[in-house]
Amino acid sequence: MGSAIEIKNKQIVIDGEPAIIMCGEIHYYRLDRKDWQDRITKLVDAGCNAVASYVPWLCHEPDEGKFDLDGSTRPELDLGAFIDLCHENDLYFFVRPGPFIMAEMKNEGIPYWVYEKHPEIIPVAWDNKKVPTSTIDYLAPNFLKAARNWYKAVMSVIEPRLITNGGNIIGVQLDNEIGMLSWVSNSPDLTDFLLDDFTAWLNNQYSNEELTQRYPFNLNSPEIRNSHIRSPKEDYTAALHKDLGYFMRNRFARYIDELRSYSEEFGIKDIPFVVNIHGTSGGRGFTYPIGISQLYESYTQAPGYLSGSDIYFEDLTMNNFQDLYLINGFMDAVHTPDQPLTSVEFNCGDGNFGSTFGGRYDPSAADFKIRMCLAQGNRLINYYLFTGGYNYRLDTMRNDGNDRVAFTGERHGFAAPVSPEGELNYTYPRMKRVTKTVMSVSKKLAAMNEEHDDVSFAFIPDYYMTEYRYPNSEKMKEILTNIEANRAYGAWEIMARAMLISGYRFGAADIQNQPLDPKKTPVLAIPSARYMSREIQQKLASYLLDGGKMLLFGEVPQYDMEGKPCSVLSEVLDVKPAGSRKSSEHYYLSVCAEGWAAPRPEVRSNFSQTFKLGNNADSILSIYGTEESCGFDSKVGTGRAIVIATAYSCDVDLFKQALEKLGAKAKLVHDFKHHGIFMTSAANQHGERMLHLLNLDGLDKEFHIYDQDEKLFNGRKILLQSKDGVMLPLNMTFDEVKIVYSTAEIVNVERNQITFRLTQPKDIITFETDKEILDSDEYNVERTNNRLIVRSNKHAKVDDSLTVKFR
């Protein structure tokens, strides 16, 4: 008899109980079969409760129609045996059968014969150029026919092993990083078949008259149409950019739906289907929302889908911590009410991808990222790659330099916590510690949601619809350069970082596709470019008139997304954009504070948008020497907007002051002077809470924590050690024992005993319980009213383990 798995209320629910899934990716096909158990044992020892793996089509059907899914040609290709072995070890399984898997495989895991037999599926890019990657026109009939046959074969192994059928498979990923290859190479899929599809889509979107205005050529002539779309003229590049982006979102969704239909045809039902989102780059998240933009229609089109992030952030530091926080918020903003956050590629190794020891990570890297993701409501994390392995040689030589299944050489995953040879690297112990800590309180975390203050960060998917651009278009260069400059860099580096440093806990709001209600979103922090659609400008104008409050950072828009003049927002703000100022070699653009923002030191800037202000707007920032306003506070109906339209410094107090004037106050704060602390909290419906803290710096920090102006921990200071993270329970109950508060972190819960990781020179744990606490030399017990206060006799830096026993 099987178990039920559901996606509801932003939770993964197995047999009625919310669950946290901690996976590790083990590529069975890259290991000798005799080594499978050793790697699984190391995964279990690390605290994980699930295994994940790609299933490479390239390996299992190297020749058309000749499948090996049972190890008949290579013992390590016995997929069913590997999944069953994981089941024997009481582990869930998350299966990722492609068709594309990437994973550094040749052809991204697609068999050579697919490309060779069906050359028409290989896309044509701008100006009829050859696509430099191994991408495919996803909906090409012959590709889908081959993919269906692959699914028929692989699902015959997967279906009987679903959790609903008594097995251990809890999720099936459909393809991998869809659209990523086209994006990174700026090579849209422009096959003849796709352009036929695009034309049909255009005819459904626009009238004949509208199409004639948008595209001044004959769309009904394939030869003329193909030429004009592959090499567009300047007068319609903006229209093409918008339409092609919207069309590809729809097309990706149709492709996912097609793969799901094959899966269901072959018995895969009542189980989550996962869509993987790509986009982090260089240890930053600036480009990650491009993947969200490309794929959000794919995983929101019907119930039963999960979206999974790719988290490649290197160390989490003061430089990039806001990136991870924001992208988690953006994903949540576009989800349906039932969809939780998950991460299906969570980088956990030492960063030595180039085998040079130059990209080395701190042991805190995975720990910090796990803690932040879980604090924000992530329910599944897949350590990628948990263990390395080997790339075997193909049976048919390709004469490509190594003839192996992947391009990384013989050894693969040499940066993983477990090496190809099975040795543990220095990242493993810290990863093990945090995983076991998470699993010790997983039932609590699985039902908790982050607590937010009264401010949301705006997300506009179309600001990230920049995966394609015709390289010879100056107009698109101008539009997209401005959008890219304003959508992330300044707003993330300045506004978002200042908000988090100030203690603000905030979600994100999809202001493009979702209603914008001042009652649900009282204050909105919005990165804004010179370009913004008329629809969004009108929505923001109505929001302000209805009482909404807005902190805008960037530029007040003057055009819509196709470059046509549109001043809806500036008109309601009662300002008129007058121009801009830029710093140059001998012009040191400087900004002065005035109005309520004064007094403040003059700040150097590289760009400022300037305004003529109406009667309802008061200047708060101006250009030195000209006194032109580049920041203002505007009354709009019953609403209010504060605009910072200049590249300002990360003045934490200015942003805090602005948000408080708009009515948003950070309720959970600390008093450490030098910042470098990430802090948030999560709670469940029973009022149980978890306080999440990260010390992003390499120095110990001591401070008070205030929750709605009240000092926590009975007024005592907390010591947060360098590069450490903690989850501290508040009003959390285990088996009739309530932890009112604790400066120590729970690491294990058993009947009549709780084990903690100590964090202080002298930790304190306060209980409410009718049970008796057994005496111990390791702690003293004091009774105050109805509470039992345990004071540790250990110093956390000497011995950090303490077990409190009850009777």
[Y] six-ring face occupied by [X] cation (under 6.0 Å, within 45°):
X: Lys369; Y: Tyr361; value: yes
X: Arg251; Y: Tyr138; value: no
X: Arg360; Y: Phe357; value: no
X: Arg284; Y: Phe313; value: no

Any idea how [X] and [Y] line up, ring-wise: parallel (<30°), tilted (30 to 60°), or perpendicular (>60°)?
X: His27; Y: Tyr54; result: tilted
X: Phe198; Y: Phe247; result: tilted
X: Phe143; Y: Trp57; result: tilted

Within the 6.0 Å centroid threshold, strictly below: Phe346 and Tyr384: no

Ring centre gap for Trp183 and Tyr468 strictly below 6.0 Å: no

For a quick check under 3.5 Å, do [X] and [Y] share a side-chain donor-acceptor pair by atom type?
X: His278; Y: Gln294; result: yes
X: Trp113; Y: Asp63; result: no
X: Tyr255; Y: Asp175; result: yes
X: Arg254; Y: Asn250; result: yes

Tyr489/Phe286 under ring-ring contact (aromatic ring centres under 6.0 Å, His included): CA gap, chis, key distance, verdict: CA-CA 7 Å; Tyr489 298 103; Phe286 294 134; 4.3 Å; yes

Inter-residue atom distance Cys373.SG - Met331.CE, 0.5 Å rounding: 9.0 Å

Residue list, ring pair (Phe, Tyr, Trp, His ring centres under 6.0 Å) with Phe273, at least two apart or on another chain: none

